[in-house]
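Side chains are part of it too, since the values below use all heavy atoms of this structure and drop only hydrogens, waters and symmetry mates.
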Amino acid sequence: MNHVEIYTDGACKGNPGPGGWGVVLKSGTLEKELFGGELGTTNNRMEMMAVIEALSALKQPCEVTLYLDSEYVRKGITEWIRGWKARGWQTAAKQPVKNVELWQRLDALVANGGHKIDWRWVRGHAGNPGNERADMLANRGVDKALGRA
């Protein structure tokens, strides 16, 4: 299996508001950057879209080290999702899970992609070069959504 390092980040100007997502993929000497955005979205949705787009970009099963600064996404996919699914996509408080369609997409990518994923949280805006690049790309995604890119 190829090893891939992935850095993801989301950004939102207002919450909700225009948002963007950014991804840096590294495998050996190869690097790829991805970004995109939406109007009228939330920061959590953009954090999720970054991970979804990153995993969707992988064309074969890989060993993935995925760095993200969103505990919402990391804990959601590694801890909370089992309970949500068991309760029919409801929280422990019997409320509908927010962003359920994105959680279902992410769950399918993780379950069916054949990847071994090591989910690693990093502190955002703390000088981590990969995270800073993903943040810059997420902000380009905001500009793209606003028609400025």
Side-chain angles (χ1 to χ4, degrees), residues 1-13 15-86 88-89 97-149:
M1 269 191 189
N2 285 342
H3 181 260
V4 180
E5 275 190 2
I6 298 175
Y7 291 86
T8 65
D9 201 14
C12 210
K13 306 303 178 194
N15 204 15
W21 54 267
V23 175
V24 178
L25 299 111
K26 297 180 181 185
S27 182
T29 58
L30 302 174
E31 289 192 9
K32 185 173 186 175
E33 295 180 339
L34 307 169
F35 66 93
E38 300 173 13
L39 298 173
T41 190
T42 65
N43 192 62
N44 282 341
R45 288 185 68 82
M46 293 296 91
E47 294 281 1
M48 293 180 74
M49 283 303 301
V51 176
I52 288 167
E53 294 292 343
L55 294 177
S56 296
L58 301 177
K59 303 302 181 208
Q60 62 191 26
C62 297
E63 274 190 30
V64 177
T65 306
L66 199 150
Y67 298 92
L68 65 169
D69 63 11
S70 170
E71 285 285 57
Y72 171 72
V73 176
R74 188 184 69 81
K75 285 187 175 181
I77 196 65
T78 62
E79 297 175 25
W80 305 333
I81 198 164
R82 285 184 281 292
W84 292 339
K85 288 164 70 172
W89 293 99
V97 171
K98 290 182 181 173
N99 305 311
V100 68
E101 78 286 357
L102 295 182
W103 285 116
Q104 290 169 340
R105 282 177 64 190
L106 182 54
D107 184 42
L109 284 166
V110 170
N112 303 326
H115 310 298
K116 282 182 51 183
I117 304 172
D118 180 7
W119 301 88
R120 295 197 188 172
W121 180 81
V122 295
R123 183 176 305 283
H125 310 287
N128 179 294
N131 180 258
E132 296 294 337
R133 275 179 67 193
D135 179 66
M136 180 266 306
L137 290 164
N139 282 294
R140 281 178 60 190
V142 174
D143 288 341
K144 183 177 180 180
L146 292 170
R148 300 191 302 223

> Which salt bridge (Lys or Arg N to Asp or Glu O under 4.0 Å) pairs, counting each pair once, include a residue from residues 55-65, with sequence neighbours left out?
Replying inline: none
> Would you call Thr65 and Tyr7 a side-chain contact if the rule is heavy atoms closer than 4.5 Å?
Replying inline: no
> Is any side-chain heavy atom of Asp69 less than 4.5 Å from a side-chain heavy atom of Asp9?
Replying inline: yes
For a quick test of your reading: what N or O donor-acceptor pairs under 3.5 Å do the side chains of residues 108-118 make, sequence neighbours left out?
| residue | atom | partner | partner atom | Å |
| --- | --- | --- | --- | --- |
| Asn112 | ND2 | Ala108 | O | 3.3 |
| His115 | ND1 | Cys62 | N | 3.0 |
| Asp118 | OD2 | Arg120 | NE | 2.8 |
| Asp118 | OD2 | Arg120 | NH2 | 2.9 |

> For the residue pair Pro16 and Thr42, what are the closest heavy atoms and their distance?
Replying inline: CB-CG2, 4.2 Å
> With sequence neighbours excluded, what pairs up with Glu71 under the salt bridge (charged side-chain N to carboxylate O under 4.0 Å, His left out) test?
Replying inline: Arg74
> Does the Asn139 side chain pair with the main chain of Asp135, one donor and one acceptor, at a distance under 3.5 Å?
Replying inline: yes
>> Tell me every residue that passes side-chain hydrogen bond (donor to acceptor under 3.5 Å, both in side chains) with Asn99, counting only those two or more places apart in sequence or in another chain.
In response: Arg45, Tyr72
> Which residues pass the side-chain hydrogen bond (donor to acceptor under 3.5 Å, both in side chains) test with Asn15, sequence neighbours left out?
Replying inline: none
>> Whether the side chain of Trp21 engages the backbone of Ala138 through a donor-acceptor N/O pair (distance < 3.5 Å, no angle test) should be reported.
In response: no
> side-chain contact (heavy atoms from CB on, under 4.5 Å) between Arg123 and Asn128: does it pass, once the steps are laid out?
Replying inline: CA-CA 8 Å; Arg123 183 176 305 283; Asn128 179 294; over 6 Å; no
> Is any side-chain heavy atom of Asp107 closer than 4.5 Å to a side-chain heavy atom of Lys85?
Replying inline: yes
Using distance only, find each side-chain donor-acceptor pair of residues 22-29 under 3.5 Å and give its atom names and separation, not counting sequence neighbours.
| residue | atom | partner | partner atom | Å |
| --- | --- | --- | --- | --- |
| Ser27 | OG | His3 | O | 3.1 |

>> Does Glu5 form a side-chain contact (heavy atoms from CB on, under 4.5 Å) with Glu31? I'd like the steps, not just the answer.
In response: CA-CA 9 Å; Glu5 275 190 2; Glu31 289 192 9; over 6 Å; no
>> With heavy-atom distances below 4.5 Å as the criterion, would you say the side chains of Met136 and Glu132 are in contact?
In response: no
>> A side-chain contact here means heavy atoms from C-beta on lying under 4.5 Å apart; do Ile77 and Trp103 qualify?
In response: yes
> Hey, are the side chains of Leu58 and Ile6 touching, using non-hydrogen atoms and a 4.5 Å cut-off?
Replying inline: yes
